Amino acid sequence: MDVIFLGPPGAGKGTQAQILEERDGIRQLSTGDMLRRNRAAGTELGRKAQAYMDRGDLVPDDVIIAMVEDELNKPGDVLFDGFPRTVTQAEALDAMLRRHDRQAAVVLFAIPLEAVEERLTGRWTNPKTGRVYHEKFHPPARPGIDDDGTPLVQREDDKVETVRKRLDVYERQTSPLIDYYGDRLIPIDATKALQTVTAELAAKLKGAVA
Ligand code: ADP
Ligand code: AMP
């Protein structure tokens with residue numbers, strides 16, 4: 001079964017997705033990571049996305065939907081992290097899942113927007129793998145360096161002004177998905193410590209598949 005992670009930026013979706021990928025082998029499909037990889041490689045897609053990402057706006061739906069469609073032709077269950085982010089994307093995903101005869105559980109990372117600002121401004125990322133740390137809540141073993149030796153960086157769009165813009169965009173364009181999915185949503189308390197969230201997620205996903 002596929003899984004969709006819904007929730008504001010900074011809720012901990014990527015962190016938990018990486019844990020599930022390592023533990024269960026489900027493939028994390030982070031649209032944000034895919035876009036950043038395209039930017040780093042200088043592809044046309046990356047160039048198209050750049051200005052939107054730097055402003056904290058969403059990249060246009062048609063660009064994102066085409067990018068995800070390609071990935072669904074590959075085998076194995078997928079964990080959608082950061083997609084869908086608009087009702088148009090959610091409708092397109094539902095149609096794609098139906099076409100591929102797939103089903104998805106939808107998890108809502110419930111957390112007030114006030115609580116995510118500090119998570120985002122203290123986030124450090126491995127630009128090669130997308131692995132994330134937090135200077136206070138989840139520090140790397142060696143300050144500023146990942147276990148693979150890669151220097152960690154702070155994302156350009158994690159500075160405070162862009163974070164506020166992204167939270168506003170979430171509220172206006174993405175939070176309507178809470179109504180869209182309605183009864184299908186599996187809420188988890190994303191305000192808790194990282195390991196507590198991992199445990200709640202495992203228990204609830206087990207229930208969803210059973
Ligand atoms: P998202 O993918 O939803 O944008 P991330 O997984 O990148 O969020 O997490 C945002 C920041 O918060 C990162 O710095 C991460 O280390 C930290 N973080 C993740 N989960 C928790 C948690 N449960 N408690 C505190 N900090 C967390
Ligand atoms: P993220 O890594 O999920 O925080 O995404 C970083 C940025 O990439 C967002 O602020 C958007 O500009 C863009 N992005 C990622 N996923 C999507 C999506 N599903 N729809 C539109 N834009 C996206």
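Predicted model only: the values in this text are computed from it and were never measured. By convention here, the first residue in the shown sequence is residue 1. Below, all heavy atoms of this structure are taken into account, side chains as well, without hydrogens, waters or symmetry copies.
- Linking Ile, Leu, Val, Met, Phe, Trp and Tyr residues whenever their side-chain heavy atoms come within less than 4.5 Å places Leu93 and Leu108 in a single cluster.
- Ion pairing between a basic and an acidic side chain is recognised when a charged N comes within 4.0 Å of a carboxylate O; Glu161 and Lys165 show no such pairing.
- In the hydrophobic clustering of ILVMFWY residues, with side-chain heavy atoms under 4.5 Å counting as a link, Leu113 and Leu58 come out apart.
- Within the structure, no pair that satisfies the ring-ring contact (aromatic ring centres under 6.0 Å, His included) test touches residues 168-202, not counting sequence neighbours.
- The CG atom of Asp77 sits 12.5 Å away from the CD atom of Glu21 when rounded to the nearest 0.5 Å.
- You'll find the side chain of Gln28 stays beyond 4.5 Å of the side chain of Leu20, heavy atoms only.
- A heavy-atom distance below 4.5 Å is not found between the side chains of Val163 and Pro9.
- A salt bridge links Arg166 to Asp158: at least one charged side-chain nitrogen sits closer than 4.0 Å to a carboxylate oxygen.
- Pairing each heavy atom of Leu177 with each of Thr86, the nearest pair is CD2-O, 3.6 Å.
- Following chains of ILVMFWY side-chain contacts shorter than 4.5 Å, one cannot reach Phe80 starting from Ile186, and the two form parts of different hydrophobic clusters.
- Side-chain contact annotation: Gln154 with Thr125, donor-acceptor N/O pair under 3.5 Å absent.
- Residues Gln16 and Val107 fail the side-chain proximity criterion, which asks for heavy atoms closer than 4.5 Å.
- Identified under the side chain to side chain donor-acceptor pair (under 3.5 Å) test for residues 4-14, with sequence neighbours left out: none.
- For Asp189 against Val197, the heavy-atom pair with the smallest separation is O-CG2, 3.7 Å.
- Judged purely by distance below 3.5 Å, without hydrogens or angles, the side chains of Thr162 and Asp157 never pair a donor atom with an acceptor atom.
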Return all side-chain donor-acceptor pairs below 3.5 angstrom for residues 44-53, not counting sequence neighbours, or 'none' if the list is empty.
unit_1 : atom_1 : unit_2 : atom_2 : d
Arg47  : NH1    : Gly42  : O      : 2.8

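- The shortest non-hydrogen separation linking Ala105 to Leu205 is CB-CD2, 4.4 Å.
- Taking the side chain as every heavy atom from C-beta outward, Ile188 and Phe109 approach each other to under 4.5 Å.
- Comment: Glu135 does not engage Arg123 in a salt bridge, judged by the lack of any side-chain N to carboxylate O separation of less than 4.0 angstrom.
- Judged by distance alone, with hydrogens and angles left aside, the side-chain atoms of Asp148 form a donor-acceptor pair with the main-chain N or O of Thr150 at under 3.5 Å.
- Leu72 and Val3 are not part of a single hydrophobic cluster, where members link through side-chain heavy atoms under 4.5 Å apart.
- Within a 6.0 Å radius of CD in Glu171, other residues, nucleotides and ligands contribute 12 heavy atoms or fewer.
- Annotation: the span from Ile64 atom CD1 to Phe83 atom CZ amounts to 8.0 Å, rounded to 0.5 Å.
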Would Arg36 and Glu156 count as a salt bridge (charged side-chain N to carboxylate O under 4.0 Å, His left out) if you check the C-alpha gap in whole Å, the side-chain angles of each, and the deciding distance to 0.1 Å? CA-CA 11 Å; Arg36 279 184 290 278; Glu156 192 59 31; over 6 Å; no
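- For Val169 against Gly56, the heavy-atom pair with the smallest separation is CG2-O, 3.6 Å.
- Residue-environment remark: NZ (Lys204) exceeds the threshold of 12 foreign heavy atoms within 6.0 Å.
- For Tyr133 and Asp146, the side-chain atoms include at least one donor-acceptor pair closer than 3.5 Å.
- Of all heavy-atom pairs spanning Arg85 and Thr31, the tightest one is NH1-OG1, 4.3 Å.
- Grouped by direct or indirect side-chain proximity (heavy atoms under 4.5 Å, Ile/Leu/Val/Met/Phe/Trp/Tyr only), Phe137 sits alone.
- No donor-acceptor pair closer than 3.5 Å links the side chain of His138 to the backbone N or O of His134.
- Contact detail for Pro140 and Leu152: the closest heavy-atom pair is CG-CD1, 3.6 Å.
- Side-chain contact between Met67 and Glu71 is absent, with no heavy atoms from C-beta onward closer than 4.5 Å.
- Leu79 and Val132 fall into different hydrophobic clusters, where Ile, Leu, Val, Met, Phe, Trp and Tyr are joined by side-chain heavy atoms under 4.5 Å apart, directly or via other members.
- Legend: side chain to side chain donor-acceptor pair (under 3.5 Å) pairs involving residues 101-115, not counting sequence neighbours, sorted by first then second residue: Asp2-Arg102.
- For the pair Asp94 and Arg184, the salt-bridge criterion is met [side-chain N within less than 4.0 Å of a carboxylate O].
- Within the 4.5 Å cutoff, the side chain of Arg131 has heavy atoms near those of the Gln18 side chain.
- Clustering of Ile, Leu, Val, Met, Phe, Trp and Tyr side chains at separations under 4.5 Å places Ile19 together with Leu194.
- In this structure, Lys159 contributes its side chain and Thr121 its backbone to no donor-acceptor pair below 3.5 Å.
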